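One structure is given below, encoded as structure tokens.
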Amino acid sequence: MALVNDNYVDLKESYLFSDIAHKVAAFTAAHPERKVIRLGIGDVTLPLAPCVVEALKKAAGEMGAKETFRGYGPEQGYDFLHEAIVKYYASFGVELDSKEVFVSDGAKSDCGNITDIFNNADTILVPDPVYPVYLDTNIMCGRKIIYMEGKPENDFLPLPTADLKADVAYLCSPNNPTGAAYTKEQLALWVEWALANDAVILYDAAYEAFISDENIPRSIFAVEGAKKCAIELCSLSKTAGFTGTRCGYTVVPLALERKTSKGEVLSLNKMWLRRQTTKFNGVPYIIQRGAEAVFSPEGIEQCRANIAYYQENARIIMDALTEKGIKFYGGKHSPYIWLQCPGNMGSWEFFDLLLNKLGIVGTPGAGFGKCGEGYFRLTSFGSRENTAEAAERILRDL
Ligand code: PLP
């Protein structure tokens with residue numbers, strides 16, 4: 001008799017986006033004449049950069065010719081992409097060995113898969129509010145989870161305390177949903193804590209490309225000592241509009257070692273290589289050529305232009321909120337604007353108000369953890385026209 005994983009019983013159903021979809025469907029059915037502006041889901045809307053599309057086409061051509069056709073590639077990614085990523089990191093002052101870079105089909109997969117190399121006895125520290133994948137993937141393993149609270153008093157950037165005990169800590173900077181980003185000094189406190197506790201930091205840098213301040217590192221490896229205590233998860237989804245194209249990468253330093261429960265010292269880089277070569281057969285060659293183009297000088301420029309477009313959208317929303325006297329966080333180094341629901345409203349109450357009165361869809365903060373209650377996430381991923389119209393509605397009708 002097959003027994004299934006007991007831990008799945010402990011997962012809470014995620015109704016967030018289906019509840020939103022139902023409410024929006026009911027609203028549009030009742031008011032077909034009203035235009036609904038969607039600033040809820042964290043998906044990009046601008047197309048891939050032209051040089052990426054060219055690279056994808058060229059690679060597709062190679063796959064159609066006998067001389068250049070490729071079958072299985074290296075599980076951890078092709079050398080050409082490793083080299084492009086190593087060069088990209090060097091551009092913001094972080095040195096990597098290409099053996100430290102593992103190409104994947106995106107950060108969500110790696111967030112989940114990385115749990116394979118940790119012990120189920122490990123205590124996991126998760127920020128609240130945050131991207132819900134960290135929590136659910138560890139519940140699936142039956143691990144003990146503790147939370148660190150993000151709140152206005154700490155600018156939604158929790159820091160370690162002297163008595164904090166955990167084995168694996170997730171950090172997401174810039175954070176989804178709050179948009180808050182750690183400074184180098186703050187990250188250094190986390191590195192110091194992790195080294196003192198033999199903990200490992202899983203650093204999610206999915207939104208690093210939105211950082212526009214030299215004091216805010218694009219990588220945790222900008223902090224001394226981080227290579228002995230951190231793994232970095234990266235994605236091309238928001239950097240280059242790859243949400244549907246699928247490519248990311250994870251950096252596991254060669255210097256990162258921890259003990260098994262029996263005291264044997266293992267290299268996490270070797271463990272991850274073993275895990276990937278056993279359970280993963282690599283990202284398609286065509287996609288990796290597209291990803292390589294993202295890191296070319298032309299690709300960096302074209303992707304930056306798209307990010308600048310979203311940043312301008314964020315500014316338009318932030319200006320409207322400022323004028324209305326609504327307190328908000330993020331928006332600066334992130335596509336997310338995290339606002340405090342006015343009049344002490346709950347986050348679903350504010351959702352209903354925004355939808356019914358203004359015809360704008362956002363995401364209730366309560367969907368990202370207990371501490372998200374009373375907050376609300378708007379994204380800058382909409383079109384300029386819709387974003388400007390949403391800002392006008394906020395100014396006029398809220
Ligand atoms: N990490 C964070 C913080 C995210 O917000 C997301 C997607 O929204 C991901 C990872 C997943 O990225 P990917 O599309 O590469 O799987």
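Computed from a prediction, not measured in an experiment: that's the story for all the values here. In listed order, ligands and their atoms are each counted from 1. Numbering starts at 1 and runs along the sequence shown.
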The closest protein heavy-atom partner of atom 9 (C) of ligand 1 is Y131 OH, 3.3 Å

Min heavy-atom dist C172 to ligand 1 below 4.0 Å
yes

Does T243 have a heavy atom less than 4.0 Å from any atom of ligand 1?
no

What class does the angle between the rings of W193 and W190 fall in, given that below 30° is parallel, 30 to 60° is tilted and above 60° is perpendicular?
perpendicular

Of the protein's non-hydrogen atoms, which lies at the shortest distance from atom 1 (N) of ligand 1, and what is that distance?
D204 OD2, 2.6 Å

Once you restrict to heavy atoms under 4.0 Å, what part of F242 touches ligand 1? Side chain, backbone, both or neither.
neither

Atoms of ligand 1 close to R246 [distance to a heavy atom under 4.0 angstrom, numbered from 1]:
13 (P), 14 (O), 15 (O), 16 (O)

Return the orientation label for the F381 and Y336 ring planes: parallel under 30°, perpendicular over 60°, tilted otherwise.
perpendicular

Using a 4.0 Å cutoff against the non-hydrogen atoms of S235, which atoms of ligand 1 qualify?
12 (O), 13 (P), 15 (O)

For the pair H31 and F27, name the ring-plane relationship: parallel under 30°, tilted 30 to 60°, perpendicular over 60°.
tilted

Please confirm whether G42 comes within less than 3.5 Å of ligand 1 when only nitrogen or oxygen atoms on both sides are compared.
no

For atom 5 (O) of ligand 1, grab the closest protein heavy atom and report residue, atom and distance to one decimal in Å.
Y207 OH, 2.6 Å

For the pair Y285 and Y78, name the ring-plane relationship: parallel under 30°, tilted 30 to 60°, perpendicular over 60°.
perpendicular

Considering only heavy atoms of K238, which atoms of ligand 1 have at least one such atom less than 4.0 Å away?
7 (C), 8 (O)

Do you reckon F80 sits in the same ILVMFWY cluster as V283, going by side-chain contacts under 4.5 Å, direct or chained?
yes

Do R218 and Y207 get their side chains close enough for a donor-acceptor pair, meaning under 3.5 Å?
no

Filtering G106, G244, S237 for the heavy atom nearest atom 14 (O) of ligand 1 leaves S237

Under 3.5 Å, N or O to N or O, is N176 touching ligand 1 that way?
yes

ring-ring contact (aromatic ring centres under 6.0 Å, His included) partner of Y375, the single match among F350, F156, F351, F368
F156

Is D352 salt-bridged to K23, going by a charged N under 4.0 Å from an acidic O?
yes

